[in-house]
Amino acid sequence: MHKVAIVGRPNVGKSSLFNRLVGRRDAVVADFPGVTRDAKEGLMLHQNHRIVLIDTGGLWSGDEWEQAIREKAEWAMEGAQAVMFVLDPREGLSAADYEVAEWLRRLGKPVIVVANKIDSPKHDVYMAELWGLGFGDPVPVSAEHARGLDDLLDRVMEHLPEDDEDVPEIAPIRISLIGRPNVGKSSLLNAITQSDRAIVADQPGTTRDSLDVEWDYGGQRFVLVDTAGIRKKPDTAIEDYAIQRSQAAIARSDLIWLVVNATELGDHELKLANLAYDSGKPVIVVVNKWDLVPDDELKRTEKDLNQKLHHISYAPRVYTSAINDYGIHDMLAEAMKLHEKWQGRIPTAELNRWLEVWQMRQAVPNFHGKKLKMYFMTQVETAPPTFAIFCNRADFVTRAYEGFLQNRIREDLDLAGIPVRLKWKEKG
Ligand code: GDP
């Protein structure tokens, strides 16, 4: 895996750059020196390459470039194949900047000079001084406004060694965002894709007016399917339209964000939850407008949610406020986690150990003195994980018992949040 370090004096915008590139925006970025404390690592994606980014920003204690910082930075940058040296040319170069440049030259790694806070072409005049550092063309960017990042990454790639083997295609996670009108879907979409690295793509061959939006986050590519249906506000037959549209979007996705308004739950939520359940795809319940729920209503809201969404009680919930950017990271992180588990495979030996222990621990259904016996279990499909259980009498398996088993499987076999299917096979 490629590894690239970000180096530079406090307050030049290293954290903003790091956050932009790995795709998070919830980390602390403040406009005064010394906010971040440690070196951080994050994963990012460029041209289908996963790159580990190391932000050494936290190692600086003040404006001084000292021996202690230098040692820690060298340690943190171990294995990095290139360095982004970030400067704020509008401030002019300081003595510390020249010392860092000298140190980088001695380290011998390729250095790309990044001129940050270049928000408009008229700032270009500040770039001249950076030439003097002797690392070639500086790359102008604005981490805050997400400008120039692709050019920067192209430059970085030039300095990274070629991969020996073919880079496997990194499959995107395709997500649908469903929910009643006005629950905040457009607002969440904006919060998620607030960067010029998100691409709105017209997808040929799909519904004529469907629009897919793509972006990278934490080294993973995401596609939100059919955002046209989210942005457009139908004014007639609103609920039916939303249901139809949701169904189409779900069919094209791997995972579902079901958005509900924390302050206003209706029957519609139940219908959408059923659609989601029937699809067998993982669902994340996004409880939006969380900022509007008063403290003394939190318990009642949770109870309402449990009631309305009992069908998909296994689905994880994230609490968001689209207008405050709150919980957006959780939506994405949870999606990555579920997607991976949804595709996972559990070894047969482990499943049968589990089945054996479970049958010893728990009474099985029993009809007219005859007991259900489960002999053997194996995973027959992934996405969703589907298990075949061989037993003496499939007709002894009640819905309640099956639900019970599904819950145990999720809990015991690390499949929390994942829809699991069971197939019963009789064996004499
Ligand atoms: P959509 O129909 O589901 O796409 O909903 P919109 O994104 O258009 O949002 C409907 C209204 O709710 C707008 O006025 C938003 O500003 C507001 N809104 C969306 N998310 C939040 C939130 O988290 N908190 C609050 N207080 N208002 C929100």
Side-chain angles (χ1 to χ4, degrees), residues 24-26 174-195 198-201 207 209-215 217 222-253 255-276 279 281 283-302 304-305 308-309 312 315-335:
R24 26 187 328 162
R25 70 181 74 83
D26 59 341
R174 304 176 61 84
I175 307 192
S176 49
L177 186 62
I178 66 172
R180 263 185 313 134
N182 287 319
V183 291
K185 295 184 297 301
S186 319
S187 312
L188 287 166
L189 175 60
N190 288 343
I192 290 164
T193 59
Q194 228 174 48
S195 109
I199 315 157
V200 178
T207 334
D209 59 349
S210 80
L211 272 184
D212 291 355
V213 173
E214 290 186 30
W215 73 96
Y217 178 88
F222 288 85
V223 177
L224 197 66
V225 304
D226 192 12
T227 59
I230 294 166
R231 286 179 170 146
K232 207 180 293 166
K233 289 264 150 61
D235 29 51
T236 52
I238 289 178
E239 311 273 285
D240 285 348
Y241 176 85
I243 291 264
Q244 274 172 23
R245 199 95 212 195
S246 307
Q247 216 152 9
I250 288 173
R252 294 180 52 222
S253 61
L255 190 139
I256 301 156
W257 279 327
L258 168 59
V259 187
V260 303
N261 177 344
T263 64
E264 204 189 309
L265 291 161
D267 291 341
H268 206 76
E269 269 66 44
L270 180 68
K271 277 193 221 163
L272 287 171
N274 285 343
L275 280 189
S279 74
K281 295 175 179 177
V283 189
I284 295 167
V285 177
V286 179
V287 187
N288 191 38
K289 307 202 186 183
W290 196 238
D291 55 299
L292 297 180
V293 182
D295 283 352
D296 57 355
E297 293 278 313
L298 295 177
K299 271 225 167 72
R300 198 185 54 76
T301 307
E302 287 288 345
D304 274 6
L305 279 166
K308 282 276 175 322
L309 303 175
I312 49 165
R317 286 184 202 153
V318 299
Y319 300 86
T320 60
S321 170
I323 55 164
N324 298 329
D325 241 8
Y326 171 79
I328 304 297
H329 164 69
D330 295 341
M331 283 176 80
L332 292 155
E334 197 64 51

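As the structure is a computational prediction, the values presented were derived from the model and not from experiment. Order of appearance sets the numbers: ligands from 1, and atoms from 1 within every ligand.
- Heavy-atom contacts of R180 reach the following atoms of ligand 1: 3 (O) (cutoff under 4.0 Å).
- With respect to D226 and R245, a salt bridge is recorded, a charged nitrogen being found less than 4.0 Å from a carboxylate O.
- Contact annotation: G179 has no heavy atom less than 4.0 Å from any atom of ligand 1.
- Considering each of I323, N288, D325, the one bringing a non-hydrogen atom nearest atom 20 (N) of ligand 1 is N288.
- Atom CD1 of residue I192 and atom CG of residue L224 lie 6.5 Å apart, to the nearest 0.5 angstrom.
- In this structure, of D291, L177, N190, the residue bringing a heavy atom nearest to atom 24 (N) of ligand 1 is D291.
- Between G184 and N288 the shortest heavy-atom distance is CA-ND2, 3.6 Å.
- Residue W290 has no nitrogen or oxygen atom sitting less than 3.5 Å from a nitrogen or oxygen atom of ligand 1, judged on distance alone.
- Taking a cutoff of 4.0 Å between a charged side-chain nitrogen and a carboxylate oxygen, R180 and E264 qualify as a salt bridge.
- Each of the atoms 2 (O) of ligand 1 lies under 4.0 Å from some heavy atom of P181.
- Within ligand 1, counting atoms from 1 as listed, the ones closer than 4.0 Å to a heavy atom of V183 are 3 (O), 5 (O).
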Side-chain donor/acceptor pairs under 3.5 Å, residues 291-298, sequence neighbours excluded:
unit_1: D291; atom_1: OD1; unit_2: S321; atom_2: OG; d: 3.0
unit_1: E297; atom_1: OE1; unit_2: R300; atom_2: NE; d: 3.0
unit_1: E297; atom_1: OE1; unit_2: R300; atom_2: NH2; d: 2.6

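- Between atom NZ of residue K185 and atom CD1 of residue I178 there is a gap of 9.5 Å, rounded to the nearest 0.5 Å.
- Those atoms of ligand 1 with a heavy atom of L292 less than 4.0 angstrom away are 26 (N).
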